[in-house]
Amino acid sequence: MLIDRTPKGLLPKIINSNIILRCRSTSTEDSAPYAQYVFNRNPRNLEKMRIAYKPAGYHLEKPGHEFWHKLQITISKRHVTASVLHHTGMVPIQVSTAEWAIRKQLYSTLDKVAYTTIGKVLAQRCLESGISEMMNTYEAIPGSKFEALLSNILEGGVRLEEYPRYKLPNPWDIERPEKPWEHY
């Protein structure tokens, strides 16, 4: 979106683009101490505002595909791997007990302490990369290793459910949902 504020008119003209043009100064000097353009380099900006495309998939699929980020847990004979799957198919974050820094601190790579550690590290990496919510399809049995992993992800500040996508209401709709980017 390109916003252009000319000195003549104070109302902005909105042009469809990914570049935001800063307000021009009214002075005739060209010595502007700021950058002329601002680029939004956050690829998850529209997902944070809940207006990005969220693929629905097919309605008969069991886990479903209506997510921006999804938690995946893989267990092998020796290691546990937890990753975040983006709806495009790429894996932006992955944590495993096969990593040298994590494996060095653990006695066993498959016990409850390993699951707890994986949950803490995954939550920290998610928050560092800007992912604060993801879809979870796993059900944990109370007292199990999965419960330890999921509870540590929750304690780390990551929600295990995603907010629904904001859809612009039609003028004839009775309900007007609050816009997610206008929280006060």
Side-chain angles (χ1 to χ4, degrees), residues 40-169 175-184:
N40 185 0
R41 296 181 299 187
N42 184 0
R44 293 176 182 83
N45 186 34
L46 295 177
E47 294 170 5
K48 284 286 204 185
M49 294 192 324
R50 295 181 14 211
I51 57 175
Y53 173 70
K54 190 185 258 191
Y58 297 104
H59 66 280
L60 294 176
E61 293 176 328
K62 172 88 166 100
H65 285 285
E66 194 168 359
F67 62 87
W68 286 304
H69 299 100
K70 181 180 177 182
L71 176 66
Q72 281 189 333
I73 301 170
T74 308
I75 304 167
S76 67
K77 292 182 181 180
R78 293 187 179 186
H79 300 288
V80 179
T81 303
S83 58
V84 176
L85 176 70
H86 193 258
H87 73 86
T88 58
M90 66 178 247
V91 178
I93 301 168
Q94 184 173 1
V95 181
S96 176
T97 54
E99 294 178 21
W100 180 80
I102 296 175
R103 186 179 61 215
K104 180 181 161 188
Q105 303 294 324
L106 297 174
Y107 178 74
S108 172
T109 58
L110 288 175
D111 61 350
K112 196 169 186 175
V113 175
Y115 280 77
T116 303
T117 306
I118 292 294
K120 288 179 183 179
V121 174
L122 182 69
Q124 179 183 1
R125 290 183 186 176
C126 284
L127 293 178
E128 287 173 355
S129 65
I131 298 173
S132 59
E133 54 193 30
M134 67 179 85
M135 186 177 90
N136 176 27
T137 56
Y138 298 103
E139 294 183 22
I141 300 170
S144 67
K145 299 175 188 178
F146 273 116
E147 185 193 26
L149 185 134
L150 295 177
S151 66
N152 278 296
I153 291 174
L154 284 172
E155 289 172 8
V158 178
R159 291 186 70 231
L160 292 177
E161 59 184 357
E162 289 183 339
Y163 289 112
R165 181 176 179 235
Y166 175 77
K167 294 182 182 172
L168 187 65
E175 292 185 17
R176 300 276 179 174
E178 184 177 346
K179 295 176 184 165
W181 56 87
E182 291 183 355
H183 287 289
Y184 299 107

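In this text, all values refer to a predicted model and were calculated from it rather than measured experimentally.
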[Y] side chain reached by [X] side chain, heavy atoms, under 4.5 Å:
X: R125; Y: V95; answer: yes
X: N136; Y: I153; answer: no
X: L122; Y: V84; answer: yes

Testing V80, T97, N152 for side-chain contact (heavy atoms from CB on, under 4.5 Å) with Y115, which one passes?
-> V80
Measuring from [X]:[atom1] to [Y]:[atom2], what's the distance to the nearest 0.5 Å?
X: S83; Y: I118; atom1: OG; atom2: CD1; result: 10.5 Å
X: K167; Y: I51; atom1: NZ; atom2: CD1; result: 14.0 Å
X: R103; Y: T109; atom1: CZ; atom2: OG1; result: 8.5 Å
X: F67; Y: L85; atom1: CZ; atom2: CG; result: 4.5 Å
X: T116; Y: L149; atom1: OG1; atom2: CG; result: 7.5 Å
X: S144; Y: L150; atom1: OG; atom2: CG; result: 8.0 Å

Minimal non-hydrogen separation, [X] against [Y], with atom names:
X: Y163; Y: R50; answer: CB-CD, 3.4 Å
X: L110; Y: A114; answer: N-CB, 4.1 Å
X: G156; Y: A123; answer: CA-CB, 3.8 Å
X: H86; Y: H69; answer: CD2-NE2, 3.3 Å
X: I141; Y: E147; answer: O-CB, 3.7 Å
X: A52; Y: R165; answer: O-NE, 2.9 Å

For [X], is the [atom1] atom crowded, meaning more than 12 foreign heavy atoms sit under 6.0 Å from it?
X: R159; atom1: CZ; answer: yes
X: K54; atom1: NZ; answer: yes
X: E139; atom1: CD; answer: no

Is there a donor-acceptor pair under 3.5 Å between the side chain of Y107 and the backbone N or O of V113?
->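 Side chain of Y107 to backbone of V113: no pair is present.
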Can you check whether W68's main-chain N or O pairs, donor with acceptor, with E47's side chain at less than 3.5 Å?
->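 No, because the side chain of E47 does not come within donor-acceptor range (under 3.5 Å) of the backbone of W68.
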